[in-house]
K.L.:
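Take a look at the following structure, please.
Just so we're clear, the structure is a prediction, and the values are computed from it rather than from any experiment. FYI, side chains are in, hydrogens and waters are out, and symmetry mates aren't considered; it's all heavy atoms of this structure. Residue numbers begin at 1 in each chain, while the letters A, B, ... track the order of the sequences.
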Amino acid sequence: MPELPEVEGFRRYLRRHAEGRRIERVRAEPGIVRNASPQRLGRALRGARIGPPQRHGKWLACPVGDATLLLHFGMTGSLVWSGQEPERHRHDRMLLSLEGGELRYRDMRKLGGVWLARPGQELEEVTGPLGPDAYRLDRGELVKILSGKRGGIKAALMDQRAVAGLGNLLVDEILWRAGVHPRRAIPELREDDLARIAETTEEVLRLSIEGGGVAPDGPWLLERRDRRDAACPRCGSPLDRVTVGGRTSVFCPGCQAP
DNA sequence: TTGCATGTTCCGGA
DNA sequence: GTCCGGAACATGCA
């Protein structure tokens, strides 16, 4: 699930259920805490209160006492509050026992993880360099960022150092709505192509965040991409797929000419 | 059994 | 230095 809209959903979920509560116990699988031992994570978090979580791109930064707990969800991560789901699950990799309930970090494939940032430590030491958050970026800035780059448009949109938060599915959705083939190189795009890309980025993020994930109100490529015989929701042409940057891109050969 | 999967990172080659 | 492709990480599903 986790691209920007889902992580924004996790931020709100954490606010609703866990913010302000005191951490009583911490349990974590060894490999899932990436820059500390589970013991040290426990020592840092135990007894502290969870502050207001912030999201930047696909990262969640959660103040806990004077430290910060950083969460990244990889491809299969999520948060679960015990009040919503009483049973633990075998893929729950970190458990925070709070007063009044338990918050669980769940991640089947373990491509995500949690990091501990010590007081005063820069978050970017953990996250690596990140561009501006895609949701708080205005269209003009996005056009400016993109037009300074040389490579393919899809790679640029997915590059977290350029813009933070967009992943494979979202970028396919954006390019489909903007009518731009995923293999196009930025220097050959016209200014109005970039303007349309910036506009649809804003639109796709707004709709999917408001819908709490991806809750389509109109035609979405996202809804159809998994079906092998899928047709373009706009023109009815059979959808096509290519590999770009090692990932599958779904696009409409009618609406997105090479 | 094989291929594929929403992310990131590292490596090698052009 | 830039850009791209491929592999790796761990696990489940069609």
Side-chain angles (χ1 to χ4, degrees), chain A residues 1-10 28-35 55-60 70-79 89-94 105-115 123-131 133-135 145-176 181-189 201 204-205 207-209 211-216 220-230 239-251:
Chain A
M1 307 265 296
E3 294 188 40
L4 192 157
E6 291 80 20
V7 178
E8 176 61 20
F10 297 148
E29 264 182 34
I32 211 69
V33 190
R34 303 302 193 93
N35 67 345
R55 183 191 54 73
H56 190 107
K58 303 172 192 172
W59 286 87
L60 215 51
L70 287 156
L71 304 172
H72 194 283
F73 298 89
M75 300 210 317
T76 53
S78 63
L79 291 177
H89 187 279
R90 52 189 292 241
H91 297 141
D92 291 339
R93 312 293 184 182
M94 180 183 70
Y105 171 82
R106 182 173 298 177
D107 188 3
M108 178 180 83
R109 285 172 67 187
K110 296 199 276 194
L111 297 177
V114 310
W115 284 256
L123 299 188
E124 289 219 346
E125 279 182 48
V126 170
T127 65
L130 292 176
D133 182 77
Y135 189 48
I145 288 169
L146 292 175
S147 51
K149 305 196 71 166
R150 299 285 126 211
I153 183 63
K154 179 159 184 184
L157 287 168
M158 292 206 308
D159 181 356
Q160 305 298 300
R161 293 166 305 183
V163 204
L166 306 177
N168 193 41
L169 300 187
L170 231 31
V171 170
D172 278 359
E173 184 72 34
I174 290 163
L175 293 177
W176 171 70
H181 190 282
R183 283 251 174 89
R184 296 288 296 281
I186 292 177
E188 21 168 271
L189 293 176
T201 298
V204 165
L205 286 175
L207 291 173
S208 52
I209 286 173
V214 173
W220 286 66
L221 182 68
L222 271 169
E223 274 200 314
R224 314 223 181 164
R225 63 176 294 141
D226 293 335
R227 302 189 34 197
R228 213 57 206 184
D229 58 344
L239 293 175
D240 209 346
R241 28 206 345 134
V242 291
T243 299
V244 183
R247 320 205 74 84
T248 301
S249 293
V250 176
F251 70 101

K.L.:
Going 5' to 3' through nucleotides 9-14 of chain B, assign each nucleotide B (protein heavy atom under 4.0 Å from a base atom), S (under 4.0 Å only from sugar-phosphate atoms) or - (no protein heavy atom that close).
P.N.:
------
K.L.:
Going by heavy atoms in the side chains, are A:T76 and A:L111 under 4.5 Å from each other?
P.N.:
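Answer no - side chains too far apart.
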K.L.:
Look only at the side chain of A:E188 and the backbone of A:I186, and say whether a donor-acceptor pair between them is shorter than 3.5 Å.
P.N.:
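Pair absent, no side-chain N/O of A:E188 close to backbone of A:I186.
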K.L.:
Could you write out each protein N or O paired with an N or O of nucleotides 5-8 of chain C at a distance under 3.5 Å?
P.N.:
residue : atom : partner : partner atom : Å
C:dG5   : OP2  : A:G245  : N            : 3.4

K.L.:
Rounded to the nearest angstrom, tell me the gap between atom CE in A:M158 and atom C1' in C:dC3.
P.N.:
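One finds 14 Å between C1' of C:dC3 and CE of A:M158, rounded.
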K.L.:
Please report the interatomic distance CG(A:D229) to CG(A:L239), rounded to the nearest 0.5 Å.
P.N.:
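With rounding to 0.5 Å, CG (A:D229) is 9.5 Å from CG (A:L239).
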K.L.:
Could you check how far CG of A:L70 sits from C1' of B:dG7, rounded to whole Å?
P.N.:
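That distance rounds to 16 Å.
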K.L.:
In dot-bracket form, how is DNA chain C paired, counting a Watson-Crick or G-U wobble pair only if both its distances are under 3.5 Å and using | for bases paired to another strand?
P.N.:
.||||||||.||||
K.L.:
Rounded to whole angstrom, note down the P distance from B:dT6 over to C:dC3.
P.N.:
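24 Å, rounded to whole Å.
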K.L.:
Determine yes or no for a side-chain-to-main-chain donor-acceptor pair under 3.5 angstrom, with A:H72 supplying the side chain and A:W115 the backbone.
P.N.:
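The answer is no, because no donor-acceptor pair under 3.5 Å joins these two groups.
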K.L.:
May I ask you to decide whether A:K110 forms a salt bridge with A:E29, counting only side-chain N to carboxylate O separations under 4.0 Å?
P.N.:
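Here A:K110 pairs with A:E29 in a salt bridge, since their nearest N and O are under 4.0 Å apart.
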K.L.:
Find the distance A:D159:CG to C:dC4:P and express it as a whole number of Å.
P.N.:
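Distance, rounded to whole Å: 11 Å.
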K.L.:
Is any side-chain N of the basic residue among A:R106 and A:D92 closer than 4.0 Å to the acidic one's carboxylate O?
P.N.:
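Looking at A:D92 together with A:R106, the answer is yes, because their closest N to O distance falls below 4.0 Å.
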K.L.:
As an exercise, state the distance from CZ of A:R109 to CG of A:D107, rounded to the nearest 0.5 Å.
P.N.:
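The CG atom of A:D107 is 9.0 Å from CZ of A:R109, to the nearest 0.5 Å.
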K.L.:
Look at A:T76 and B:dG7 and indicate whether a side-chain polar atom (N or O) is within less than 4.0 Å of OP1 or OP2.
P.N.:
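A:T76 to B:dG7 OP1/OP2: no side-chain N or O under 4.0 Å.
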K.L.:
Tell me: OH of A:Y105 to C1' of C:dA10, nearest whole Å?
P.N.:
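Interatomic distance, OH of A:Y105 to C1' of C:dA10: 12 Å.
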K.L.:
For the pair made of CZ in A:R241 and C1' in B:dT6, what is the distance, rounded to whole Å?
P.N.:
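In whole Å, B:dT6 C1' and A:R241 CZ are 14 Å from each other.
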K.L.:
Report which part of the nucleic acid A:G31 touches: base, sugar-phosphate, or nothing (heavy-atom distance under 4.0 Å, all strands).
P.N.:
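Result for A:G31 = nothing.
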K.L.:
What integer distance in Å separates A:I153:CD1 from C:dC3:P?
P.N.:
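These atoms are roughly 13 Å apart.
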K.L.:
Look at the side chain of A:L111 and decide which nucleotide, out of C:dC4, C:dC9, B:dT6, has an atom nearest to it.
P.N.:
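So the side chain of A:L111 is nearest to C:dC9.
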K.L.:
Is the closest side-chain heavy-atom distance between A:M108 and A:M75 below 4.5 Å?
P.N.:
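They are not in side-chain contact.
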K.L.:
Determine: side-chain N/O of A:H72 to OP1/OP2 of B:dT8, distance under 4.0 Å, yes or no.
P.N.:
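For A:H72, the contact criterion (side-chain N or O under 4.0 Å from OP1 or OP2 of B:dT8) is met.
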K.L.:
Mind checking ring-ring contact (aromatic ring centres under 6.0 Å, His included) for A:F73 and listing every partner two or more places apart, or none if nothing turns up?
P.N.:
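Partners of A:F73 under the ring-ring contact (aromatic ring centres under 6.0 Å, His included) test: A:F10, A:Y105.
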K.L.:
What integer distance in Å separates A:R161:CZ from C:dC3:C1'?
P.N.:
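Taking CZ of A:R161 and C1' of C:dC3, I get 11 Å after rounding.
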K.L.:
To the nearest angstrom, how far is A:D107 atom CG from B:dA5 atom P?
P.N.:
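My rounded result for the distance is 18 Å.
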K.L.:
Measuring from A:I153:CD1 to A:L146:CG, what's the distance to the nearest 0.5 Å?
P.N.:
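These two atoms lie 4.5 Å from each other.
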K.L.:
For residues 166-174 of chain A, which side-chain donor-acceptor pairs fall under 3.5 Å, sequence neighbours excluded?
P.N.:
residue : atom : partner : partner atom : Å
A:N168  : OD1  : A:K154  : NZ           : 2.5
A:N168  : ND2  : A:T248  : O            : 3.1
A:D172  : OD1  : A:K154  : NZ           : 2.7
A:D172  : OD2  : A:R225  : NH1          : 2.8
A:D172  : OD2  : A:R225  : NH2          : 3.2
A:D172  : OD2  : A:V250  : N            : 2.9
A:E173  : OE1  : A:L221  : N            : 3.1
A:E173  : OE1  : A:L222  : N            : 2.8
A:E173  : OE2  : A:R177  : NE           : 2.9
A:E173  : OE2  : A:R177  : NH2          : 3.3
A:E173  : OE2  : A:L221  : N            : 3.3

K.L.:
Got a list of protein N/O to nucleotides 11-14 of chain C N/O distances below 3.5 Å?
P.N.:
residue : atom : partner : partner atom : Å
C:dT11  : OP1  : A:K110  : NZ           : 3.3
C:dG12  : OP1  : A:R90   : NH1          : 2.4
C:dG12  : OP1  : A:R90   : NH2          : 3.1
C:dG12  : OP1  : A:H91   : NE2          : 3.0

K.L.:
Find out whether A:P2 and A:K58 are in side-chain contact, i.e. whether some heavy atom of one side chain is under 4.5 Å from a heavy atom of the other.
P.N.:
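No, too far: nothing below the 4.5 Å cut-off.
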K.L.:
Between C:dC3 and A:K149, is there an OP1 or OP2 to side-chain N/O distance shorter than 4.0 Å?
P.N.:
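No.
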K.L.:
Side-chain contact, heavy-atom cut-off 4.5 Å: A:D133 with A:R55?
P.N.:
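In contact.
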K.L.:
Using side-chain heavy atoms (C-beta onward) and a distance below 4.5 Å, is A:V7 in contact with A:W59?
P.N.:
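SC-SC contact between A:V7 and A:W59 ruled out.
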